[in-house]
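For the single chain, residues carry numbers from 1 onward in sequence order. Predicted, not measured: the structure shown is a model, and the values here were computed from it.
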Amino acid sequence: MAAGAAAVRADDGLLLLPPEVAPAPHCADGVQLTFGGAIFGTTWMVRLIAEPAVAAGLADALKQRCEAELARIDAQMSPWIGDSTLNCYNALAPGEALALPEPMRAVVDRAVALHGLTGGAFDPFLGAVTDLWGFGPVAVGEGLADPGECARLRRLLAGEARPRWNGQRLERAAGFALDLCGIAKGHAVDALHDLVRATPGVVAVLVEIGGEAAGFGIKPDAMPWWLELEWPGLFAGRAVAALHGWACASSGSDVRFFLHGGRRYSHSMDPLTAEPSDSDLRGASVFDRNCARADALATALVVMGSEAARAFAKRHAIPCLLVPAAPGAEPVISAALREWMVDA
């Protein structure tokens, strides 16, 4: 079926497997270790399979390394930490610039590239808009935002006087505030995944932070890591995907929103309107080799709306699930994701 056609009914569940699975080490007597904690206002979890000879004490050592990496990401990119690198940048006067440290430099580089790829549907400089609608750390007000201020921010976002980025230094532009919440969590998943996978004796790993996940390898039972796509009311059965060398990220309006006048105002902002997205999509789940990219693309697809999202996913061969906002409407599975479908 063509990209954008309605998905087959999932009465018996939806089983998704990557069409090409690279060989992976398999340790039948491997030891599963699990650890995690809290970060970014949510939880994180690592599961891994280690060779028995290295398993003793490995969980504690890796947990400490993962916590240090998460703390570094948070200290650089969190809008909720007063002296984070991100907030130091946002406090600059227009025209001033800041040299960004790693890994923030790489995240901003990817975010700027994805802004171009998505035609602006993903925008890392929506901090002022997010605050205006009460979803940021500096809430300007409660409820509906001032229409005049929305119009001003809309003109800024559509103009050419945007923050300038040369790959090292980010220059501030009047009215813009950096906000990496749409990509930083995905980056953190990638960072922990790569850290654990590179550890000698680790043969398989699954990392999950607040619903975003990446996995590699085969468990002792010869099965991959399974991720359940949790969209309440969407499937009659379960929808599960194998994460072997892939990541998955989802975005939607089910978690952070407020209601006013019968409308749901989501935390996902539309750069074209400087308002919460009012598209005909309730959410999207995206599969990619890179969780940061999947994270940003999931946000962009929801903002685009179903017609533009279907066309974009087809053009760029993106495996994704689009969740309509209309009650009872069937999900849309992109052509690239249809190649993952297995008869349950």
Side-chain angles (χ1 to χ4, degrees), residues 16-18 20-78 81 84 101-107 110 183-230 240-250 287-295:
L16 300 169
L17 291 173
E20 297 181 2
V21 179
H26 177 232
C27 185
D29 60 347
V31 179
Q32 178 166 313
L33 305 174
T34 303
F35 54 87
I39 195 69
F40 310 148
T42 184
T43 59
W44 66 278
M45 179 274 300
V46 172
R47 292 179 183 168
L48 63 94
I49 305 299
E51 296 172 354
V54 303
L58 187 60
D60 289 340
L62 278 177
K63 183 178 182 182
Q64 290 180 14
R65 293 180 61 195
C66 288
E67 287 174 336
E69 182 61 25
L70 290 172
R72 182 169 73 133
I73 293 169
D74 213 18
Q76 290 185 14
M77 301 180 228
S78 174
I81 297 176
S84 68
E102 289 288 4
M104 187 175 176
R105 185 204 64 77
V107 173
R110 184 181 293 276
I183 192 171
K185 187 167 64 171
H187 165 78
V189 170
D190 291 327
L192 297 197
H193 173 272
D194 293 348
L195 185 160
V196 176
R197 183 177 170 184
T199 303
V202 172
V203 296
V205 58
L206 175 70
V207 175
E208 186 266 331
I209 303 179
E212 325 289 43
F216 171 81
I218 305 300
K219 297 181 293 181
D221 61 2
M223 297 294 286
W225 301 105
W226 294 103
L227 177 74
E228 185 167 2
L229 301 181
E230 297 181 346
V240 294
L243 294 187
H244 174 63
W246 286 82
C248 179
S250 298
F287 294 87
D288 195 272
R289 299 287 187 178
N290 180 275
C291 196
R293 188 173 188 270
D295 196 3

Out of curiosity, [X] [atom1] to [Y] [atom2], how far, rounded to the nearest 0.5 Å?
{"X": "R293", "Y": "I183", "atom1": "CZ", "atom2": "CD1", "value": "10.0 Å"}
{"X": "K219", "Y": "I49", "atom1": "NZ", "atom2": "CD1", "value": "7.5 Å"}
{"X": "C66", "Y": "I39", "atom1": "SG", "atom2": "CD1", "value": "11.5 Å"}
{"X": "F35", "Y": "D60", "atom1": "CZ", "atom2": "CG", "value": "9.0 Å"}

Please examine the side chains of [Y] and [X], heavy atoms only from C-beta on, and report whether any two atoms are closer than 4.5 Å.
{"X": "R110", "Y": "H187", "result": "no"}
{"X": "L243", "Y": "W226", "result": "no"}
{"X": "V202", "Y": "R197", "result": "no"}
{"X": "H26", "Y": "V203", "result": "no"}
{"X": "V54", "Y": "P200", "result": "no"}
{"X": "V240", "Y": "L229", "result": "no"}
{"X": "T34", "Y": "M45", "result": "yes"}

Has [X] got a side-chain atom pairing as donor or acceptor with [Y]'s backbone, closer than 3.5 angstrom?
{"X": "E208", "Y": "G210", "answer": "yes"}
{"X": "S84", "Y": "I81", "answer": "yes"}
{"X": "H244", "Y": "A22", "answer": "yes"}

Nearest heavy atoms of [X] and [Y], plus distance in Å:
{"X": "A213", "Y": "L227", "value": "CB-CD1, 4.1 Å"}
{"X": "A249", "Y": "A294", "value": "CB-C, 3.6 Å"}
{"X": "D29", "Y": "P52", "value": "O-CG, 3.2 Å"}
{"X": "C291", "Y": "C248", "value": "SG-O, 4.1 Å"}
{"X": "D295", "Y": "E212", "value": "OD1-OE2, 3.2 Å"}
{"X": "P103", "Y": "E69", "value": "CG-OE2, 4.4 Å"}

Worksheet item: Any idea how H193 and F216 line up, ring-wise: parallel (<30°), tilted (30 to 60°), or perpendicular (>60°)?
Response: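 Taking F216 first and then H193, their aromatic rings stand perpendicular (interplane angle over 60°).
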Practice prompt. Any chance you could lay out the side-chain contact (heavy atoms from CB on, under 4.5 Å) test for V46 and W44, step after step, and finish with the verdict?
Written response: CA-CA 7 Å; V46 172; W44 66 278; 3.8 Å; yes
Discussion item. My understanding is that only residues two or more places apart in sequence, or in another chain, count here; which of them pass ring-ring contact (aromatic ring centres under 6.0 Å, His included) with W246?
Written reply: W340
Practice prompt. Any chance you could lay out the side-chain contact (heavy atoms from CB on, under 4.5 Å) test for L192 and L70, step after step, and finish with the verdict?
Written response: CA-CA 8 Å; L192 297 197; L70 290 172; 4.0 Å; yes
Worksheet entry | More than 12 heavy atoms of other groups within 6.0 Å of R47 CZ |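 It does not: R47 CZ has 12 such atoms or fewer within range.
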Discussion item. Would you say CD of E20 has more than 12 non-hydrogen atoms from neighbouring residues, nucleotides or ligands within 6.0 angstrom?
Written reply: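 Open: at most 12 neighbouring heavy atoms sit under 6.0 Å from CD of E20.
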Discussion item. By the definition side-chain contact (heavy atoms from CB on, under 4.5 Å), identify the one residue from V196, V31, L48 that meets it with L58.
Written reply: L48
Practice prompt. Begin from the C-alpha positions of L195 and R65 and carry the test side-chain contact (heavy atoms from CB on, under 4.5 Å) through to its verdict.
Written response: CA-CA 8 Å; L195 185 160; R65 293 180 61 195; 3.8 Å; yes
